[in-house]
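For reference, the structure I am asking about is given below.
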Amino acid sequence: MRSFSPVHVIGGGLAGSEAGWQLARRGVPVVLHEMRPVRSTAAHKTEQLAELVCSNSFRSDDAQGSAIGLLHAEMRRLGSLVMRAADAHKLPAGGALAVDREGFAAAITAALEGEPLIAISRQEILAPPPDWDNVIIATGPLTSPALADAIRALTGEAALAFFDAIAPIVHRDSIDFDIAWFQSRYDKVGPTGSGADYINCPLTRAQYDAFVDALLAGEKMGFRDFETATPYFDGCLPIEVMAERGRETLRHGPMKPFGLTDPRRPAAKPYAVVQLRQDNKLGTLFNMVGFQTKLKHGEQARIFRTIPGLAEAEFARLGGLHRNTFLNSPKLLDATLRLKAAPRLRFAGQITGCEGYVESAAIGLLAGRFAAAERLGERPRLPPPTTAHGALLAHITGGHIETIDSSPRSFQPMNVNFGLFPPLGSRAPRGAKKQALCARALADLEAWIGAAVPQAAE
Ligand SMILES: Cc1cc2nc3c(=O)[nH]c(=O)nc-3n(C[C@H](O)[C@H](O)[C@H](O)COP(=O)(O)OP(=O)(O)OC[C@H]3O[C@@H](n4cnc5c(N)ncnc54)[C@H](O)[C@@H]3O)c2cc1C
(Lines give C-alpha, C1' and ligand atoms only; values in the text may rest on other atoms or scores of the structure.)
Protein backbone atom coordinates (compact mmCIF):
# COMPACT_ATOMS: atom_id res chain seq x y z
CA MET A 1 0.00 0.00 0.00
CA ARG A 2 1.30 3.48 -0.91
CA SER A 3 2.06 5.81 1.93
CA PHE A 4 1.70 9.56 1.67
CA SER A 5 3.13 12.42 3.64
CA PRO A 6 0.44 14.26 5.59
CA VAL A 7 -1.64 17.21 4.56
CA HIS A 8 -1.50 19.87 7.29
CA VAL A 9 -4.85 21.38 8.23
CA ILE A 10 -4.58 24.51 10.38
CA GLY A 11 -7.70 25.16 12.46
CA GLY A 12 -10.05 22.54 13.90
CA GLY A 13 -13.31 24.45 13.49
CA LEU A 14 -16.22 23.64 11.18
CA ALA A 15 -14.15 23.77 7.99
CA GLY A 16 -10.90 22.23 9.26
CA SER A 17 -12.69 19.32 10.95
CA GLU A 18 -14.62 18.52 7.77
CA ALA A 19 -11.51 18.91 5.58
CA GLY A 20 -9.49 16.56 7.80
CA TRP A 21 -12.27 13.98 7.73
CA GLN A 22 -12.58 14.08 3.94
CA LEU A 23 -8.81 13.65 3.54
CA ALA A 24 -8.69 10.67 5.88
CA ARG A 25 -11.67 9.03 4.16
CA ARG A 26 -9.59 9.09 0.97
CA GLY A 27 -6.64 7.43 2.67
CA VAL A 28 -4.55 10.59 3.06
CA PRO A 29 -2.88 11.19 6.45
CA VAL A 30 -3.62 14.48 8.16
CA VAL A 31 -2.10 16.59 10.91
CA LEU A 32 -4.87 18.79 12.27
CA HIS A 33 -3.43 21.79 14.13
CA GLU A 34 -5.82 23.44 16.60
CA MET A 35 -4.59 26.15 18.95
CA ARG A 36 -7.28 25.72 21.60
CA PRO A 37 -6.91 25.22 24.57
CA VAL A 38 -3.33 26.53 24.43
CA ARG A 39 -4.71 29.76 23.02
CA SER A 40 -8.38 30.64 22.54
CA THR A 41 -10.35 33.17 20.47
CA ALA A 42 -12.72 35.93 21.52
CA ALA A 43 -15.74 33.68 20.90
CA HIS A 44 -14.77 30.05 21.61
CA LYS A 45 -15.42 28.73 25.11
CA THR A 46 -14.26 25.09 24.97
CA GLU A 47 -11.43 22.98 23.60
CA GLN A 48 -13.78 20.88 21.45
CA LEU A 49 -13.27 20.73 17.70
CA ALA A 50 -16.08 22.28 15.60
CA GLU A 51 -17.41 24.38 18.47
CA LEU A 52 -20.49 26.44 17.51
CA VAL A 53 -19.68 29.92 18.81
CA CYS A 54 -23.16 31.43 18.64
CA SER A 55 -26.53 30.13 17.40
CA ASN A 56 -27.17 26.38 17.48
CA SER A 57 -29.06 26.49 14.17
CA PHE A 58 -27.97 25.13 10.80
CA ARG A 59 -31.01 26.97 9.37
CA SER A 60 -33.62 25.43 7.08
CA ASP A 61 -33.37 21.70 6.39
CA ASP A 62 -35.70 21.90 3.38
CA ALA A 63 -33.79 20.36 0.45
CA GLN A 64 -36.65 21.00 -1.97
CA GLY A 65 -37.10 24.71 -1.51
CA SER A 66 -34.16 26.31 0.30
CA ALA A 67 -30.54 26.74 -0.73
CA ILE A 68 -29.18 25.94 2.73
CA GLY A 69 -31.38 22.82 2.99
CA LEU A 70 -30.05 21.78 -0.39
CA LEU A 71 -26.49 22.28 0.86
CA HIS A 72 -27.31 20.00 3.84
CA ALA A 73 -28.58 17.32 1.46
CA GLU A 74 -25.53 17.56 -0.78
CA MET A 75 -23.16 17.37 2.19
CA ARG A 76 -24.94 14.28 3.51
CA ARG A 77 -24.58 12.70 0.09
CA LEU A 78 -20.85 13.54 0.10
CA GLY A 79 -20.25 11.85 3.45
CA SER A 80 -19.95 14.97 5.60
CA LEU A 81 -18.89 14.41 9.19
CA VAL A 82 -20.43 17.74 10.22
CA MET A 83 -23.85 16.73 8.88
CA ARG A 84 -23.56 13.26 10.42
CA ALA A 85 -22.92 14.79 13.83
CA ALA A 86 -25.67 17.41 13.32
CA ASP A 87 -28.22 14.76 12.43
CA ALA A 88 -27.21 12.68 15.43
CA HIS A 89 -27.65 15.65 17.79
CA LYS A 90 -30.59 17.54 16.31
CA LEU A 91 -33.16 19.34 18.43
CA PRO A 92 -36.75 20.28 17.64
CA ALA A 93 -36.78 23.63 15.78
CA GLY A 94 -39.66 23.71 13.31
CA GLY A 95 -38.35 23.58 9.75
CA ALA A 96 -34.79 24.34 10.86
CA LEU A 97 -31.98 21.96 11.76
CA ALA A 98 -30.88 22.95 15.27
CA VAL A 99 -28.33 20.93 17.19
CA ASP A 100 -27.31 20.28 20.76
CA ARG A 101 -24.03 22.17 20.61
CA GLU A 102 -22.16 20.11 23.22
CA GLY A 103 -23.20 16.75 21.80
CA PHE A 104 -22.42 17.94 18.28
CA ALA A 105 -18.88 19.15 19.04
CA ALA A 106 -18.14 16.12 21.23
CA ALA A 107 -19.18 13.78 18.39
CA ILE A 108 -16.91 15.56 15.88
CA THR A 109 -14.00 15.55 18.33
CA ALA A 110 -14.44 11.85 19.09
CA ALA A 111 -14.67 10.94 15.40
CA LEU A 112 -11.50 12.83 14.51
CA GLU A 113 -9.61 11.57 17.55
CA GLY A 114 -10.64 8.03 16.68
CA GLU A 115 -9.54 8.25 13.05
CA PRO A 116 -6.15 6.48 12.68
CA LEU A 117 -5.04 8.67 9.77
CA ILE A 118 -5.55 11.90 11.73
CA ALA A 119 -3.06 13.25 14.27
CA ILE A 120 -4.34 16.22 16.30
CA SER A 121 -1.74 18.75 17.37
CA ARG A 122 -2.82 21.35 19.90
CA GLN A 123 -0.63 24.31 18.98
CA GLU A 124 -0.94 27.75 17.46
CA ILE A 125 0.61 27.92 14.01
CA LEU A 126 2.26 31.30 13.59
CA ALA A 127 3.00 30.72 9.90
CA PRO A 128 2.93 27.54 7.79
CA PRO A 129 6.52 26.18 7.76
CA PRO A 130 8.08 26.13 4.26
CA ASP A 131 8.48 22.33 4.23
CA TRP A 132 4.71 21.71 4.46
CA ASP A 133 3.89 21.08 0.81
CA ASN A 134 0.10 20.69 1.06
CA VAL A 135 -1.65 22.90 3.61
CA ILE A 136 -5.26 23.89 4.31
CA ILE A 137 -5.70 27.09 6.32
CA ALA A 138 -9.11 27.00 8.03
CA THR A 139 -8.56 29.33 10.94
CA GLY A 140 -11.86 31.14 10.61
CA PRO A 141 -13.11 34.63 11.33
CA LEU A 142 -10.99 34.84 14.47
CA THR A 143 -7.68 33.70 13.01
CA SER A 144 -4.94 34.35 15.54
CA PRO A 145 -3.18 37.68 14.96
CA ALA A 146 0.24 36.15 14.25
CA LEU A 147 -1.11 33.89 11.52
CA ALA A 148 -3.26 36.71 10.14
CA ASP A 149 -0.10 38.79 9.82
CA ALA A 150 1.67 35.93 8.04
CA ILE A 151 -1.27 35.58 5.62
CA ARG A 152 -1.29 39.33 4.99
CA ALA A 153 2.42 39.22 4.24
CA LEU A 154 1.84 36.38 1.77
CA THR A 155 -1.19 37.83 0.02
CA GLY A 156 -0.27 41.47 0.02
CA GLU A 157 -3.94 42.17 0.76
CA ALA A 158 -5.21 43.71 3.96
CA ALA A 159 -7.80 41.40 5.52
CA LEU A 160 -11.25 42.95 5.62
CA ALA A 161 -13.24 43.05 8.81
CA PHE A 162 -16.92 43.41 9.67
CA PHE A 163 -19.17 42.66 12.60
CA ASP A 164 -20.83 39.41 13.44
CA ALA A 165 -23.16 39.15 16.39
CA ILE A 166 -24.34 36.99 19.30
CA ALA A 167 -27.98 36.90 20.40
CA PRO A 168 -28.89 36.62 24.12
CA ILE A 169 -29.92 33.28 25.68
CA VAL A 170 -32.73 33.10 28.26
CA HIS A 171 -33.51 30.42 30.88
CA ARG A 172 -36.86 28.94 29.90
CA ASP A 173 -38.15 28.74 33.46
CA SER A 174 -37.81 32.51 33.80
CA ILE A 175 -40.28 33.16 30.95
CA ASP A 176 -43.89 34.03 31.82
CA PHE A 177 -46.12 31.56 29.96
CA ASP A 178 -49.27 33.39 30.98
CA ILE A 179 -48.14 35.81 28.29
CA ALA A 180 -45.83 33.81 25.98
CA TRP A 181 -46.82 30.67 24.06
CA PHE A 182 -45.18 27.92 22.01
CA GLN A 183 -45.75 27.94 18.26
CA SER A 184 -43.69 27.66 15.06
CA ARG A 185 -44.50 30.26 12.44
CA TYR A 186 -47.56 29.04 10.47
CA ASP A 187 -47.36 25.89 12.66
CA LYS A 188 -44.64 24.53 10.36
CA VAL A 189 -43.61 21.11 11.68
CA GLY A 190 -40.33 20.51 9.82
CA PRO A 191 -38.26 17.31 9.98
CA THR A 192 -37.89 17.18 13.77
CA GLY A 193 -40.30 19.81 15.00
CA SER A 194 -43.70 19.67 16.60
CA GLY A 195 -45.19 22.78 15.01
CA ALA A 196 -44.78 24.48 18.37
CA ASP A 197 -41.02 24.80 18.79
CA TYR A 198 -40.60 28.54 19.34
CA ILE A 199 -41.55 30.63 22.35
CA ASN A 200 -43.43 33.74 21.24
CA CYS A 201 -43.65 37.00 23.17
CA PRO A 202 -46.33 39.36 21.78
CA LEU A 203 -46.16 43.18 21.75
CA THR A 204 -48.97 45.67 21.25
CA ARG A 205 -48.28 48.72 19.12
CA ALA A 206 -47.65 50.88 22.20
CA GLN A 207 -45.27 48.28 23.65
CA TYR A 208 -43.44 47.99 20.33
CA ASP A 209 -43.04 51.76 20.05
CA ALA A 210 -41.70 51.97 23.60
CA PHE A 211 -39.31 49.10 22.87
CA VAL A 212 -37.96 50.78 19.73
CA ASP A 213 -37.49 54.03 21.67
CA ALA A 214 -35.58 52.14 24.38
CA LEU A 215 -33.33 50.49 21.80
CA LEU A 216 -32.55 53.83 20.18
CA ALA A 217 -31.79 55.49 23.52
CA GLY A 218 -29.96 52.50 25.05
CA GLU A 219 -26.25 52.79 25.78
CA LYS A 220 -24.14 50.89 23.24
CA MET A 221 -20.76 49.25 23.69
CA GLY A 222 -17.85 51.32 22.45
CA PHE A 223 -15.93 50.32 19.37
CA ARG A 224 -12.43 48.97 19.73
CA ASP A 225 -9.68 50.54 17.62
CA PHE A 226 -9.59 47.82 14.98
CA GLU A 227 -13.40 47.91 14.58
CA THR A 228 -13.93 51.60 13.89
CA ALA A 229 -13.75 51.54 10.10
CA THR A 230 -15.67 48.28 9.75
CA PRO A 231 -19.08 48.21 8.05
CA TYR A 232 -21.88 46.02 9.44
CA PHE A 233 -22.72 42.88 7.47
CA ASP A 234 -26.33 43.23 6.36
CA GLY A 235 -27.30 39.62 7.20
CA CYS A 236 -26.37 40.08 10.85
CA LEU A 237 -27.35 43.63 11.81
CA PRO A 238 -27.66 44.50 15.49
CA ILE A 239 -31.29 45.15 16.43
CA GLU A 240 -30.57 48.72 17.48
CA VAL A 241 -29.05 49.40 14.04
CA MET A 242 -32.15 47.91 12.41
CA ALA A 243 -34.29 50.17 14.63
CA GLU A 244 -32.26 53.17 13.48
CA ARG A 245 -33.13 52.35 9.86
CA GLY A 246 -36.84 52.91 10.48
CA ARG A 247 -39.45 52.33 13.17
CA GLU A 248 -41.07 49.49 11.24
CA THR A 249 -37.84 47.70 10.25
CA LEU A 250 -37.85 45.28 13.22
CA ARG A 251 -41.53 44.49 12.66
CA HIS A 252 -40.64 43.32 9.16
CA GLY A 253 -37.52 41.52 10.36
CA PRO A 254 -36.89 39.51 13.55
CA MET A 255 -40.05 40.82 15.26
CA LYS A 256 -42.51 40.05 12.48
CA PRO A 257 -45.87 38.90 13.86
CA PHE A 258 -47.14 36.95 10.85
CA GLY A 259 -48.23 33.30 11.22
CA LEU A 260 -48.31 33.54 15.02
CA THR A 261 -51.51 33.53 17.11
CA ASP A 262 -51.87 32.94 20.84
CA PRO A 263 -54.43 30.11 21.00
CA ARG A 264 -55.80 31.54 24.27
CA ARG A 265 -56.41 34.93 22.64
CA PRO A 266 -57.05 34.20 18.95
CA ALA A 267 -58.70 37.58 18.33
CA ALA A 268 -55.76 39.57 19.74
CA LYS A 269 -53.36 39.96 16.82
CA PRO A 270 -49.94 41.06 18.13
CA TYR A 271 -48.34 44.08 16.48
CA ALA A 272 -44.89 42.47 16.81
CA VAL A 273 -43.51 39.21 18.22
CA VAL A 274 -40.15 38.28 19.75
CA GLN A 275 -39.33 34.61 19.09
CA LEU A 276 -37.04 32.40 21.18
CA ARG A 277 -35.59 29.13 19.88
CA GLN A 278 -34.42 26.12 21.89
CA ASP A 279 -30.69 26.25 22.52
CA ASN A 280 -29.80 23.07 24.44
CA LYS A 281 -30.93 19.45 24.48
CA LEU A 282 -32.58 19.72 27.84
CA GLY A 283 -34.79 22.52 26.58
CA THR A 284 -33.86 24.73 29.49
CA LEU A 285 -32.27 27.52 27.43
CA PHE A 286 -33.78 29.54 24.58
CA ASN A 287 -32.07 32.13 22.37
CA MET A 288 -33.72 35.34 21.21
CA VAL A 289 -33.95 34.91 17.44
CA GLY A 290 -32.27 37.69 15.46
CA PHE A 291 -31.47 39.72 18.59
CA GLN A 292 -27.77 40.27 17.99
CA THR A 293 -26.86 43.55 19.63
CA LYS A 294 -24.13 45.94 20.62
CA LEU A 295 -26.08 47.33 23.58
CA LYS A 296 -24.23 47.30 26.90
CA HIS A 297 -25.01 44.21 28.95
CA GLY A 298 -26.88 46.12 31.68
CA GLU A 299 -28.95 47.85 29.02
CA GLN A 300 -29.76 44.56 27.31
CA ALA A 301 -31.13 43.07 30.53
CA ARG A 302 -33.13 46.23 31.30
CA ILE A 303 -34.58 46.71 27.80
CA PHE A 304 -35.27 43.05 26.99
CA ARG A 305 -37.16 42.69 30.28
CA THR A 306 -39.67 45.21 28.93
CA ILE A 307 -40.72 42.56 26.38
CA PRO A 308 -44.03 40.99 27.53
CA GLY A 309 -43.25 37.54 28.93
CA LEU A 310 -39.62 38.42 29.69
CA ALA A 311 -40.17 40.72 32.67
CA GLU A 312 -38.38 38.22 34.95
CA ALA A 313 -36.02 36.84 32.30
CA GLU A 314 -32.76 35.32 33.50
CA PHE A 315 -30.08 35.52 30.85
CA ALA A 316 -27.65 32.63 30.44
CA ARG A 317 -25.73 34.77 27.98
CA LEU A 318 -26.10 38.31 26.72
CA GLY A 319 -25.49 39.49 23.17
CA GLY A 320 -22.23 40.71 21.69
CA LEU A 321 -20.42 41.54 18.48
CA HIS A 322 -17.25 40.15 16.94
CA ARG A 323 -14.76 40.87 14.25
CA ASN A 324 -14.46 38.73 11.13
CA THR A 325 -11.45 38.04 8.94
CA PHE A 326 -11.70 37.05 5.30
CA LEU A 327 -9.66 37.15 2.12
CA ASN A 328 -10.42 38.89 -1.12
CA SER A 329 -10.77 35.37 -2.48
CA PRO A 330 -11.92 36.02 -6.07
CA LYS A 331 -8.66 37.84 -6.62
CA LEU A 332 -6.34 35.70 -4.50
CA LEU A 333 -7.53 32.10 -4.85
CA ASP A 334 -7.63 29.71 -7.80
CA ALA A 335 -10.62 27.51 -8.67
CA THR A 336 -9.60 24.86 -6.11
CA LEU A 337 -9.11 27.40 -3.29
CA ARG A 338 -5.30 27.54 -3.55
CA LEU A 339 -3.48 30.80 -3.03
CA LYS A 340 -2.33 31.76 -6.51
CA ALA A 341 0.85 33.29 -5.08
CA ALA A 342 1.69 30.12 -3.10
CA PRO A 343 -0.28 27.10 -4.37
CA ARG A 344 0.87 24.80 -1.57
CA LEU A 345 -1.54 26.80 0.61
CA ARG A 346 -5.26 26.23 0.26
CA PHE A 347 -7.93 28.09 2.26
CA ALA A 348 -11.23 26.80 3.64
CA GLY A 349 -14.14 28.02 5.74
CA GLN A 350 -15.23 31.49 6.65
CA ILE A 351 -11.81 32.98 5.93
CA THR A 352 -12.52 32.39 2.21
CA GLY A 353 -15.55 34.69 2.37
CA CYS A 354 -18.40 32.28 2.80
CA GLU A 355 -20.71 32.96 5.73
CA GLY A 356 -22.18 30.49 8.20
CA TYR A 357 -21.43 27.22 9.93
CA VAL A 358 -22.74 25.01 7.15
CA GLU A 359 -21.16 26.99 4.33
CA SER A 360 -17.82 26.94 6.18
CA ALA A 361 -18.04 23.18 6.60
CA ALA A 362 -19.03 22.74 2.94
CA ILE A 363 -16.02 24.69 1.75
CA GLY A 364 -13.91 22.59 4.15
CA LEU A 365 -15.37 19.49 2.54
CA LEU A 366 -14.34 20.68 -0.92
CA ALA A 367 -10.89 21.82 0.22
CA GLY A 368 -10.30 18.41 1.81
CA ARG A 369 -11.31 16.61 -1.37
CA PHE A 370 -9.18 18.88 -3.57
CA ALA A 371 -6.13 18.44 -1.32
CA ALA A 372 -6.66 14.67 -1.22
CA ALA A 373 -6.86 14.47 -5.00
CA GLU A 374 -3.59 16.35 -5.30
CA ARG A 375 -1.88 14.09 -2.80
CA LEU A 376 -3.16 11.02 -4.64
CA GLY A 377 -1.89 12.31 -8.00
CA GLU A 378 -5.34 13.00 -9.37
CA ARG A 379 -6.77 16.18 -10.82
CA PRO A 380 -9.19 17.84 -8.41
CA ARG A 381 -12.70 17.85 -9.89
CA LEU A 382 -14.89 20.90 -9.41
CA PRO A 383 -18.52 20.35 -8.45
CA PRO A 384 -21.01 21.50 -11.10
CA PRO A 385 -21.90 25.19 -10.61
CA THR A 386 -25.58 24.17 -10.56
CA THR A 387 -25.04 22.43 -7.21
CA ALA A 388 -25.04 24.34 -3.92
CA HIS A 389 -21.37 23.41 -3.42
CA GLY A 390 -20.49 24.56 -6.92
CA ALA A 391 -22.49 27.79 -6.60
CA LEU A 392 -20.82 28.68 -3.31
CA LEU A 393 -17.37 27.80 -4.61
CA ALA A 394 -17.96 29.88 -7.72
CA HIS A 395 -18.97 32.86 -5.60
CA ILE A 396 -15.75 32.59 -3.61
CA THR A 397 -13.33 31.89 -6.41
CA GLY A 398 -14.72 34.00 -9.20
CA GLY A 399 -18.48 34.55 -9.21
CA HIS A 400 -18.11 37.94 -7.58
CA ILE A 401 -17.73 41.04 -9.72
CA GLU A 402 -15.62 43.88 -8.41
CA THR A 403 -18.03 46.62 -9.49
CA ILE A 404 -21.66 46.51 -10.53
CA ASP A 405 -22.00 50.22 -11.11
CA SER A 406 -19.69 53.18 -11.05
CA SER A 407 -19.15 52.97 -7.27
CA PRO A 408 -16.33 50.85 -5.86
CA ARG A 409 -17.38 47.43 -4.54
CA SER A 410 -15.55 44.81 -2.60
CA PHE A 411 -16.05 41.09 -2.16
CA GLN A 412 -18.32 40.41 0.81
CA PRO A 413 -19.11 37.15 2.63
CA MET A 414 -22.26 35.40 1.50
CA ASN A 415 -24.58 32.71 2.78
CA VAL A 416 -25.53 30.17 0.14
CA ASN A 417 -28.61 31.43 -1.72
CA PHE A 418 -30.39 30.83 -4.99
CA GLY A 419 -29.00 34.05 -6.40
CA LEU A 420 -25.64 32.27 -6.71
CA PHE A 421 -27.04 29.50 -8.93
CA PRO A 422 -26.99 29.66 -12.75
CA PRO A 423 -30.52 30.41 -14.01
CA LEU A 424 -32.71 27.54 -15.20
CA GLY A 425 -32.52 26.89 -18.95
CA SER A 426 -36.29 26.81 -19.31
CA ARG A 427 -38.89 28.80 -17.43
CA ALA A 428 -40.17 26.93 -14.39
CA PRO A 429 -43.86 27.19 -13.59
CA ARG A 430 -44.72 30.02 -11.23
CA GLY A 431 -43.79 29.13 -7.66
CA ALA A 432 -41.76 26.10 -8.70
CA LYS A 433 -38.41 27.77 -9.43
CA LYS A 434 -36.72 26.86 -6.15
CA GLN A 435 -37.90 23.28 -6.41
CA ALA A 436 -36.57 23.09 -9.97
CA LEU A 437 -33.19 24.53 -8.93
CA CYS A 438 -32.96 21.97 -6.12
CA ALA A 439 -33.95 19.07 -8.34
CA ARG A 440 -31.39 20.12 -10.95
CA ALA A 441 -28.68 20.45 -8.30
CA LEU A 442 -29.30 17.01 -6.80
CA ALA A 443 -29.39 15.36 -10.24
CA ASP A 444 -26.16 17.10 -11.28
CA LEU A 445 -24.52 16.12 -8.00
CA GLU A 446 -25.36 12.47 -8.66
CA ALA A 447 -23.90 12.69 -12.16
CA TRP A 448 -20.76 14.32 -10.72
CA ILE A 449 -20.37 11.61 -8.09
CA GLY A 450 -21.02 8.93 -10.70
CA ALA A 451 -18.39 10.35 -13.05
CA ALA A 452 -15.69 10.24 -10.39
CA VAL A 453 -13.07 8.52 -12.51
CA PRO A 454 -9.69 9.79 -11.30
CA GLN A 455 -7.61 11.60 -13.88
CA ALA A 456 -3.85 11.97 -13.67
CA ALA A 457 -2.75 15.40 -12.50
CA GLU A 458 -0.96 17.55 -15.01
C1 LIG B 1 -18.88 35.60 17.12
C2 LIG B 1 -19.32 34.86 15.93
C3 LIG B 1 -20.61 34.38 15.88
C4 LIG B 1 -21.03 33.64 14.77
N5 LIG B 1 -22.29 33.16 14.76
C6 LIG B 1 -22.70 32.38 13.76
C7 LIG B 1 -24.00 31.78 13.80
O8 LIG B 1 -24.74 31.97 14.72
N9 LIG B 1 -24.37 31.00 12.76
C10 LIG B 1 -23.55 30.76 11.73
O11 LIG B 1 -23.94 29.99 10.83
N12 LIG B 1 -22.32 31.31 11.66
C13 LIG B 1 -21.87 32.12 12.65
N14 LIG B 1 -20.64 32.70 12.61
C15 LIG B 1 -19.84 32.61 11.39
C16 LIG B 1 -19.17 31.29 11.09
O17 LIG B 1 -20.11 30.40 10.60
C18 LIG B 1 -18.44 30.64 12.22
O19 LIG B 1 -17.43 31.48 12.66
C20 LIG B 1 -17.83 29.29 11.82
O21 LIG B 1 -17.37 28.68 12.99
C22 LIG B 1 -16.71 29.44 10.81
O23 LIG B 1 -16.12 28.18 10.59
P24 LIG B 1 -14.56 28.08 10.33
O25 LIG B 1 -14.21 26.63 10.33
O26 LIG B 1 -14.20 28.88 9.16
O27 LIG B 1 -13.89 28.79 11.59
P28 LIG B 1 -13.93 28.32 13.18
O29 LIG B 1 -15.07 27.40 13.35
O30 LIG B 1 -13.82 29.54 13.92
O31 LIG B 1 -12.60 27.47 13.26
C32 LIG B 1 -11.35 28.05 13.19
C33 LIG B 1 -10.45 27.33 14.17
O34 LIG B 1 -9.10 27.73 13.96
C35 LIG B 1 -8.46 27.87 15.21
N36 LIG B 1 -7.33 28.77 14.99
C37 LIG B 1 -7.33 30.09 14.71
N38 LIG B 1 -6.07 30.52 14.49
C39 LIG B 1 -5.25 29.46 14.64
C40 LIG B 1 -3.85 29.27 14.52
N41 LIG B 1 -3.02 30.28 14.23
N42 LIG B 1 -3.32 28.04 14.72
C43 LIG B 1 -4.16 26.98 15.02
N44 LIG B 1 -5.50 27.11 15.15
C45 LIG B 1 -6.04 28.33 14.95
C46 LIG B 1 -9.55 28.40 16.11
O47 LIG B 1 -9.29 28.14 17.47
C48 LIG B 1 -10.78 27.63 15.61
O49 LIG B 1 -10.99 26.44 16.30
C50 LIG B 1 -20.16 33.43 13.69
C51 LIG B 1 -18.87 33.92 13.74
C52 LIG B 1 -18.44 34.63 14.84
C53 LIG B 1 -17.05 35.17 14.89
Side-chain angles (χ1 to χ4, degrees), residues 8-20 31-60 68 71 82 86 96-99 101 104-105 108-109 112 120-128 135-151 161-167 169 233 235-236 277 279 287-292 294 317 319-327 337 347-365 367-368 396 413-416:
H8 291 268
V9 178
I10 310 176
L14 276 298
S17 296
E18 186 66 59
V31 183
L32 179 57
H33 304 267
E34 169 52 54
M35 69 178 182
R36 291 175 291 120
V38 180
R39 184 183 177 129
S40 195
T41 76
H44 289 85
K45 299 273 181 280
T46 75
E47 59 185 63
Q48 300 280 40
L49 302 173
E51 178 183 336
L52 303 179
V53 291
C54 181
S55 156
N56 64 330
S57 174
F58 280 20
R59 314 195 321 269
S60 172
I68 186 68
L71 190 61
V82 165
L97 174 59
V99 306
R101 64 179 76 237
F104 168 77
I108 301 254
T109 306
L112 293 171
I120 299 172
S121 166
R122 298 282 186 166
Q123 63 172 140
E124 179 188 1
I125 302 299
L126 306 178
V135 181
I136 296 175
I137 300 178
T139 43
L142 303 169
T143 295
S144 74
L147 183 60
D149 284 348
I151 293 168
F162 68 95
F163 291 101
D164 211 330
I166 287 177
I169 293 180
F233 178 44
C236 211
R277 179 174 52 219
D279 200 78
N287 56 59
M288 297 176 71
V289 180
F291 265 53
Q292 53 275 0
K294 206 165 167 53
R317 187 174 76 186
L321 287 173
H322 297 269
R323 188 176 67 84
N324 198 327
T325 310
F326 64 100
L327 292 170
L337 299 162
F347 284 83
Q350 182 127 337
I351 198 168
T352 64
C354 62
E355 170 69 24
Y357 300 143
V358 183
E359 288 88 339
S360 296
I363 295 302
L365 182 151
I396 292 165
M414 184 87 90
N415 287 126
V416 68

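The figures that follow rest on heavy atoms only: side chains count, while hydrogens, waters and symmetry mates do not. Counting starts at 1 for both ligands and their atoms, in listed order. FYI, the numbering just counts along the sequence from 1.
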Counting only nitrogen or oxygen atoms and a 3.5 angstrom limit, does E34 reach ligand 1?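 Yes.
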Minimum side-chain heavy-atom gap E124-V38 below 4.5 Å: no
Close N or O approach (I125, ligand 1; < 3.5 Å):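 Yes, there is a polar N/O contact under 3.5 Å.
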Which pair of heavy atoms, one from L32 and one from G11, lies closest together, and at what distance? CD1-O, 3.6 Å
Relative to the heavy atoms of G140, which atoms of ligand 1 are at a distance of less than 4.0 Å? 26 (O), 27 (O), 32 (C)
Going by the atom numbers of ligand 1, which of them fall below 4.0 Å from some non-hydrogen atom of I10?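 Answer for ligand 1: 42 (N), 43 (C).
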Have a look at H44, R39, R36 and point out the one with the heavy atom closest to atom 30 (O) of ligand 1.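 Nearest option to atom 30 (O) of ligand 1, by heavy atoms: H44.
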Note: R36-E51 ion pair, threshold 4.0 Å (strictly below): yes
Under 4.0 Å from ligand 1, counting heavy atoms only, is it the side chain of S40, its backbone, both or neither? neither
Looking only at heavy atoms, what is the nearest atom pair of I125 and S144, with distance? O-OG, 4.5 Å
Starting at CG of L112, measure out to CG of L49 and round the result to the nearest 0.5 Å. 6.0 Å
Return the orientation label for the F104 and F58 ring planes: parallel under 30°, perpendicular over 60°, tilted otherwise.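 Correct class here is perpendicular.
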Should E51 be listed as contacting ligand 1, given a heavy-atom distance under 4.0 Å as the test? no
A15: numbered ligand 1 atoms lying under 4.0 Å from its heavy atoms: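 Heavy-atom distances to A15 below 4.0 Å select 25 (O).
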Within-cut-off N or O pair, R59 and ligand 1, under 3.5 Å: no
To check you understand the geometry: which heavy-atom pair defines the closest contact between A15 and A348, and what is its length? CB-C, 3.9 Å
Heavy-atom closest contact (Q48 atom, T109 atom, distance): OE1-OG1, 3.2 Å
Counting heavy atoms only, which part of L52 comes closer than 4.0 Å to ligand 1: side chain, backbone, both or neither?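 L52 to ligand 1: no contact under 4.0 Å from either part.
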Counting each atom of ligand 1 from 1 as listed, which ones have a heavy atom of H33 under 4.0 Å away?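 By the 4.0 Å cutoff, the relevant atoms are 43 (C), 44 (N).
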Residue portion contacting ligand 1 (non-hydrogen atoms closer than 4.0 Å) for S360: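 The part of S360 near ligand 1 is the side chain, not the backbone.
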Considering L49, T139, L147, which one's heavy-atom position lies nearest to atom 37 (C) of ligand 1? T139
Do the non-hydrogen side-chain atoms of Y357 and C54 ever get within less than 4.5 Å of each other? yes
Side chain, backbone, both or neither: which part of L14 comes within less than 4.0 Å of ligand 1 when only heavy atoms are counted?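 The part of L14 near ligand 1 is both the backbone and the side chain.
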Which of the atoms in ligand 1, numbered in the order shown and given with their element, are less than 4.0 Å from a heavy-atom of G349?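 Those qualifying, in numeric order: 26 (O).
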Heavy-atom closest pair (I396 atom, C354 atom, distance to 0.1 Å) is CD1-CB, 3.9 Å
Give the numbers and elements of all ligand 1 atoms closer than 4.0 Å to a heavy atom of S55.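 Close to S55: 8 (O).
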Please classify the T41 to ligand 1 contact at 4.0 Å (heavy-atom distances, strictly less than): side chain, backbone, both or neither.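 Looking at T41 and ligand 1, just side chain atoms fall under 4.0 Å.
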Decide whether an N or O pair under 3.5 Å exists between T143 and ligand 1. no
Atoms in ligand 1 with a heavy atom of G13 nearer than 4.0 Å: 25 (O), 28 (P), 29 (O), 31 (O), 33 (C), 49 (O)
If you measure every N or O of I351 against every N or O of ligand 1, does any of those distances drop under 3.5 Å?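 Such a contact does not occur with ligand 1.
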Where's the contact between E124 and ligand 1, heavy-atom distance under 4.0 Å: side chain, backbone, both or neither? both
For S57, is at least one N or O under 3.5 Å away from an N or O on ligand 1? no
Who passes side-chain contact (heavy atoms from CB on, under 4.5 Å) against S60, sequence neighbours left out? D62, S66, I68
Can M35 and T41 be said to form a side chain to side chain contact (heavy atoms under 4.5 Å, CB included), step by step? CA-CA 9 Å; M35 69 178 182; T41 76; 3.7 Å; yes
